[in-house]
Amino acid sequence: MLASIAGTVSYLHMHLLVELHGQPGWAAALTPVSVDMMIVAASMTLLAESRAGGGGGFLPWQCW
C-alpha cells in the first residue's frame, strides 16, 4: 500500500515537472517510468551483489 502511494506521488510529481519544462505529453508520461525503473534496476543490482558478497560496483551507487 505504501509503495503504491509513494510510486503514484513520485510519478505525478515528475510528470508535472517534465510538462512544466515544455516537453510533449509522451515524454512527460515516459520520463518518470524511466527514472523509477533505473532506480529499481540499480537497487536490484546492489541487492544481488550484496548477496553474492560483492560491493555492487560503481555505477549502481550513482543512482542513489
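One-based numbering along the sequence shown. No hydrogens, no waters, no symmetry mates; every other heavy atom, side chains included, goes into these values.
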* Structure fact -> Between Ala28 and Glu19 the two heavy atoms that sit nearest each other are CB-CG, 3.5 Å
* Asked: Taking the hydrophobic residues Ile, Leu, Val, Met, Phe, Trp and Tyr, and joining any pair whose side-chain heavy atoms are under 4.5 Å apart, which ones share a cluster with Leu30?
  -> Trp26
* Structure fact -> Tracing side-chain contacts under 4.5 Å among Ile, Leu, Val, Met, Phe, Trp and Tyr outward from Met37 reaches Tyr11, Leu12, Val33, Val40, Met44, Leu47
* Please confirm whether the backbone N or O of Ala41 pairs with a side-chain atom of Thr45, one donor and one acceptor, at under 3.5 Å? => yes
* Asked: By side-chain contact (heavy atoms from CB on, under 4.5 Å), which residues pair with Ala27, not counting sequence neighbours?
  -> Gln23, Pro24
* Contacts of Ser10 that satisfy side-chain contact (heavy atoms from CB on, under 4.5 Å) - sequence neighbours left out -> Met14, Asp36
* Each residue besides Leu20 in its hydrophobic cluster should be listed here, by chain and number; the cluster joins Ile, Leu, Val, Met, Phe, Trp and Tyr at side-chain heavy-atom distances under 4.5 Å. => Leu16
